[in-house]
Amino acid sequence: MMSSLLLSQLLLLSIRAAATTADLGGQCPDLAPVDLLSAVLEKDASGLTAGVHVRSSGGVRGVHFSGPLAPVSLFSDCDHSPKDFSVVVTLKVARISHKKSEYIFSMMEAKRAEQGALEEEQAEDEEEREEGNNLQIRISRRRAKNNAERRRLLLGLRLSGKRLHVLFRGRRGVTEQWVFRDAHLDDNRWHTLVLSVGGRHAGLTVDCGSPREILPSQPFPSDLSFHVSRFHIGSRGRWKGLFTGLLRQLVLVPGSDATHQICPSTRPQLAALSVPPLLLADVAATGTNAASHLLPYETETRVSVGLQLMCSEPLRGQMWFDPLRKALYLCDGASWIAVLEDRKRLDYVEEKQVLGTRSETHDIEIFQVQGVGLMAAMAHRSTTSGSAVYQWSQHNGFQLYQNISTHGALALRHFNMGKKTFLVVSNSNTDTDVGKEVDVSVIYKWSRRSEQFVKFQTLETHCARDWEAFKIHRHTYLVVANHRIGNNNHTIDSVVYKWNRPTKSFEVHQRLRTSGAYDWEFFKVGPYHFLVVANAFDGVTTSVDSVIYVWVDGNFRVFQTIKTFCATDWEMFQIGARVFLVVANGHQLHGNGPGQYAINSTVYELDMTGQVFVRFQDIVTYSAVDWEFFTLGEEYFLVVANSFNGESYSLNSVLYRWQGYEGFVPVHWLPTIGCSDWEFFSAGGDSYLIYSSAKVPLAKVFKLKMY
C-alpha cells in the first residue's frame with residue numbers, strides 16, 4: 001500500500017511537471033525561467049501536495065515541508081542543456097548548526113529515478129519489518145545506499161550554518177562544492193538571493209546587495225544534463241537534510257544571470273521573479289481583497305481571558321489566555337494546544353517526608369494501580385519483616401499499604417500485561433549449600449478482588465540484583481541480573497524469560513553470560529531493541545566490560561562492549577533526537593589492592609552515523625549505585641545516588657541540570673545516608689524525588705519547588 005501511494009504521488013507530480021513545461025509553449029529551458037516551487041503546489045490553489053504546508057511569517061506566506069517529496073521532472077521535452085544558469089530563491093531560515101545541512105533543492109540523475117526511488121522505499125520498509133537480518137549487513141546496505149545517492153547527485157544547493165554550498169558532480173563522478181562563506185541567511189528573516197553559475201565563475205547576490213564572486217579551481221561541468229534529471233524540492237530525497245525553513249520562491253533561469261531582472265527592488269528581501277499565486281497574498285495586507293485570500297487559520301483571531309472555555313469546533317482558531325499559569329492556548333477544534341507557556345524552572349528542593357521503614361532498603365519502584373492510585377514498593381534487606389508496599393496520599397505522603405513476604409530482597413520491578421499488574425521481587429540467601437547458592441524469586445500479581453499483591457510464580461535466581469520487564473512485538477519478557485553463585489563465582493548466566501500465553505507463566509527464552517551482573521536497562525531506538533547489562537565484578541577485578549545487546553532473529557546478540565568499573569546501573573534517556581546512556585561506576589578494585597571510590601561515571605551518546613555509543617561526558621561520583629533522569633517543563637535533569645566515599649556513607653547525592661554544550665552541571669546537593677536508589681514521580685500537579693537507604697531504615701521524599 002505504501003509503495004502504491006508513493007507511485008501515485010510520483011505520477012501526479014510528473015503530470016504537474018509536464019503541465020508546467022507545457023505552459024512554456026514547448027520552449028527549451030535556456031529561453032524561459034522555470035518555477036520549481038510551483039511543481040509542488042496545486043495550480044488551482046484548491047489543495048496542496050502531501051507533505052507541503054503554507055505558513056505565514058511576518059505577514060508573508062511561504063511553503064514548509066514536513067517530509068521529503070517525490071522527485072519531479074521538468075525538462076523532458078528538451079534535447080540539450082543550458083551551459084550557464086542562475087537560481088532565484090526567497091527563503092526564511094532559523095538558526096542552523098554548522099554541523100547540520102539543509103537542502104534547498106537537489107538535482108539527481110534520472111537513471112532508474114522512478115524505479116530506484118520505489119525500490120529504495122520498499123527496501124526501507126523491508127528493513128523496518130524484518131528483525132532477522134544481521135545488523136552489520138543492514139548497516140553496510142545503508143552505507144552503500146548513501147554512496148550510490150552521492151554518485152547520483154548532479155546539482156544541489158545547501159545551507160550549513162552561515163554558509164551556502166553549491167554541490168555538483170565534477171570530473172570522474174566526484175562530488176565537488178563551491179562555498180559562499182558568511183552568507184548569514186539563518187537569521188530568521190526573509191531573504192532573496194540570486195545564484196549565478198557558469199564555467200569557472202559563481203556569483204551570489206543577497207537582497208539586491210553587492211555581488212559576491214568566487215573563482216574556483218574546479219570548473220562547473222559543461223555536460224550537466226538537466227533534461228535527464230529529477231528535482232527534489234526542499235531536500236535531497238531523504239529525511240536527513242530536509243529544509244526546515246520557509247520557501248516563497250524557487251526559480252531556475254537558464255542561460256543568464258537573473259540579478260538584473262529583479263534588482264533594484266523596493267522590497268529587496270522579497271524581490272520577486274516568479275512567486276506561486278497561492279503565496280502572493282500577503283497576510284499583512286489590508287482591505288477586502290487581501291482578506292478574501294486568507295486561509296482559514298489566518299483569519300481574525302480573538303483571545304479570551306479568564307476561566308477556561310470548552311474547546312469545540314465553533315472555537316477553532318480562537319485563543320485563550322490563562323492568567324494563573326501565564327499561558328496562551330489555541331483551540332484546534334477539539335482541545336487547547338499550548339502556544340506560549342510559562343516555563344517551569346527548578347528553584348530549590350525541600351524535604352517533604354521522612355519515611356521510617358522496617359529495614360534498610362535496596363530498591364524502590366514507583367507505579368500506578370488502577371483504582372487505587374500511586375504506589376511505592378520497597379525491597380527491604382530484612383529476612384524476617386519482608387518488604388513493603390506504600391500508598392501515596394497528597395497530604396500525608398506514603399503510608400504503609402501491604403507487607404510482602406521476602407527474604408533479603410535486593411530488587412523489584414513492576415510491569416503490566418494488558419489490564420493485569422505484576423510485581424517481581426528478587427530474594428537472596430534463602431538456601432545456601434557449599435559452593436552453590438539458589439534463591440527463589442517471586443512474581444506477585446495484583447488481585448482486584450482483595451486489592452492486594454498475591455503470589456503468582458516463582459523463579460530460581462542467583463543473588464539477583466535487578467529485574468527488567470519489556471515488550472517486543474507484543475510479547476512480554478523479563479530479564480534477571482544474576483550476580484553470583486556462592487562467594488567467588490561471578491561469571492554466570494543471567495536469564496531472559498518469555499511469557500507463555502498457553503501455560504500462563506514465564507519460561508526461559510535465552511541465557512546471557514554476565515560477570516557480577518548488577519542492572520539491566522532495556523530501550524528502543526527506531527526499529528531496534530536494545531538491552532544493556534551493568535557488569536560489576538569477574539572475581540578478580542571490577543574493570544570489566546559491560547555489554548549492549550541488540551535484538552536480532554528473536555534473540556539478543558552483542559552490539560557493543562564498554563569498559564566499566566563495578567558498573568551498578570545504566571540509565572537511557574533522550575534529549576530531543578539525541579540518545580544517551582549513563583553508567584554508574586561503583587569503584588575500582590583489582591585483587592587485594594585498595595579500592596578507589598571517587599571515580600568517573602560516564603554519559604555516552606549514540607552516534608547515529610557510526611552506529612556506536614561514544615563518550616560524551618565524565619562526572620565524578622562516589623561509589624555510585626543509581627542514576628535517575630527526569631524532566632521539568634523544558635529542562636532535563638539527572639540525579640546520582642552517591643553511596644560511599646571510602647570513609648563515610650553520609651555524603652551528598654547530586655542533582656545535575658542539562659546545559660546543552662556544557663553537558664550536565666551540578667545545581668543541587670542532597671544529603672543522603674548510604675543512598676541506594678532514586679525515583680522521580682509526579683502527583684497532584686507537583687513533582688517529587690524519593691531516595692532509599694541501604695544503611696539505615698528510612699526513605700526520604702523531596703518536593704521540587706518550581707517558579
Side-chain angles (χ1 to χ4, degrees), residues 29-30 33-34 36 81-91 93 96-109 146-147 149-187 191-226 229-238 240-243 245 247 249-263 273:
D30 59 342
V34 177
L36 300 178
S81 305
K83 296 180 180 179
D84 302 328
F85 66 93
S86 57
V87 179
V88 181
V89 183
T90 300
L91 48 73
V93 189
I96 301 177
S97 169
H98 69 279
K99 296 181 180 180
K100 295 184 179 180
S101 297
E102 296 185 4
Y103 282 76
I104 299 172
F105 78 90
S106 59
M107 189 175 77
M108 311 296 283
E109 190 176 27
N146 292 341
N147 292 335
E149 189 169 346
R150 281 193 288 270
R151 288 194 297 270
R152 290 171 50 212
L153 179 70
L154 297 178
L155 175 66
L157 190 59
R158 185 180 77 186
L159 282 173
S160 177
K162 299 178 181 179
R163 302 179 179 182
L164 181 71
H165 303 254
V166 181
L167 293 88
F168 58 90
R169 181 188 293 181
R171 297 174 181 174
R172 300 179 182 178
V174 178
T175 300
E176 305 287 347
Q177 65 174 318
W178 297 343
V179 182
F180 291 91
R181 305 178 187 275
D182 298 321
H184 295 286
L185 299 174
D186 59 335
D187 57 358
H191 293 289
T192 295
L193 50 142
V194 180
L195 172 71
S196 59
V197 176
R200 291 182 177 271
H201 164 83
L204 177 67
T205 302
V206 179
D207 299 336
C208 291
S210 301
R212 309 176 192 182
E213 297 185 355
I214 56 175
L215 300 174
S217 57
Q218 176 68 37
F220 195 85
S222 58
D223 58 345
L224 197 64
S225 300
F226 283 17
S229 62
R230 300 293 183 268
F231 282 84
H232 289 278
I233 311 302
S235 75
R236 56 168 177 165
R238 299 178 57 198
K240 185 176 182 181
L242 179 70
F243 183 72
L247 271 183
Q249 177 177 221
L250 181 58
V251 185
L252 181 65
V253 185
S256 65
D257 181 356
T259 306
H260 68 279
Q261 299 182 42
I262 64 172
C263 297
L273 179 63

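Side chains included, hydrogens not; waters and symmetry mates left out as well; all remaining heavy atoms used.
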Hey, could you give me the CZ/CG distance between R181 and L164, rounded to the nearest 0.5 Å?
12.0 Å

Return the CE to CG distance between M107 and L154, rounded to the nearest 0.5 Å.
4.5 Å

Contacts of T192 that satisfy side chain to side chain donor-acceptor pair (under 3.5 Å) - sequence neighbours left out:
T90

In sequence, state the C-alpha distance, the side-chain angles, and the governing distance for V87 and V251, and then conclude on side chain to side chain contact (heavy atoms under 4.5 Å, CB included).
CA-CA 6 Å; V87 179; V251 185; over 6 Å; no

Heavy-atom nearest pair, L185 first then H191, reads O-CD2, 3.9 Å

Side chain to side chain contact (heavy atoms under 4.5 Å, CB included) evaluation trace for V93 with F243
CA-CA 9 Å; V93 189; F243 183 72; 3.7 Å; yes

Given 3.5 Å as the limit, does a donor-acceptor pair link the side chain of Q261 with the main chain of L273, or not?
no

Atom pair CD1/OG of I233 and S106 - distance to nearest 0.5 Å
8.0 Å

How far does OG1 of T205 sit from CG of L193, to the nearest 0.5 angstrom?
9.0 Å

Report the distance from atom CE of M108 to atom CZ of R236, rounding to the nearest 0.5 Å.
8.0 Å

Can you see which heavy atom on I262 is nearest to which on C208, and at what distance?
O-SG, 4.1 Å

Donor-acceptor check, side chain of S160 to backbone of K100, threshold 3.5 angstrom: yes or no?
yes

Could you pull out all residues at least two apart from S235 that satisfy side chain to side chain donor-acceptor pair (under 3.5 Å)?
none

Pairwise side-chain contact, W178 with L204, heavy-atom cut-off 4.5 Å (strictly under):
no

Starting at NE2 of H260, measure out to OG of S196 and round the result to the nearest 0.5 Å.
11.5 Å

Considering residues at least two apart in sequence or located in another chain, which fulfil the side chain to side chain contact (heavy atoms under 4.5 Å, CB included) criterion with R158?
S101, Y103, H165, L167, Q177

Going through the distances and angles, do F231 and L252 end up as a side chain to side chain contact (heavy atoms under 4.5 Å, CB included)?
CA-CA 11 Å; F231 282 84; L252 181 65; 4.2 Å; yes

Is there a side chain to side chain contact (heavy atoms under 4.5 Å, CB included) between L247 and I104 once you walk through the steps?
CA-CA 8 Å; L247 271 183; I104 299 172; 4.2 Å; yes

How would you list, by chain and number, every residue that makes a salt bridge (Lys or Arg N to Asp or Glu O under 4.0 Å) with D186, sequence neighbours excluded?
R95

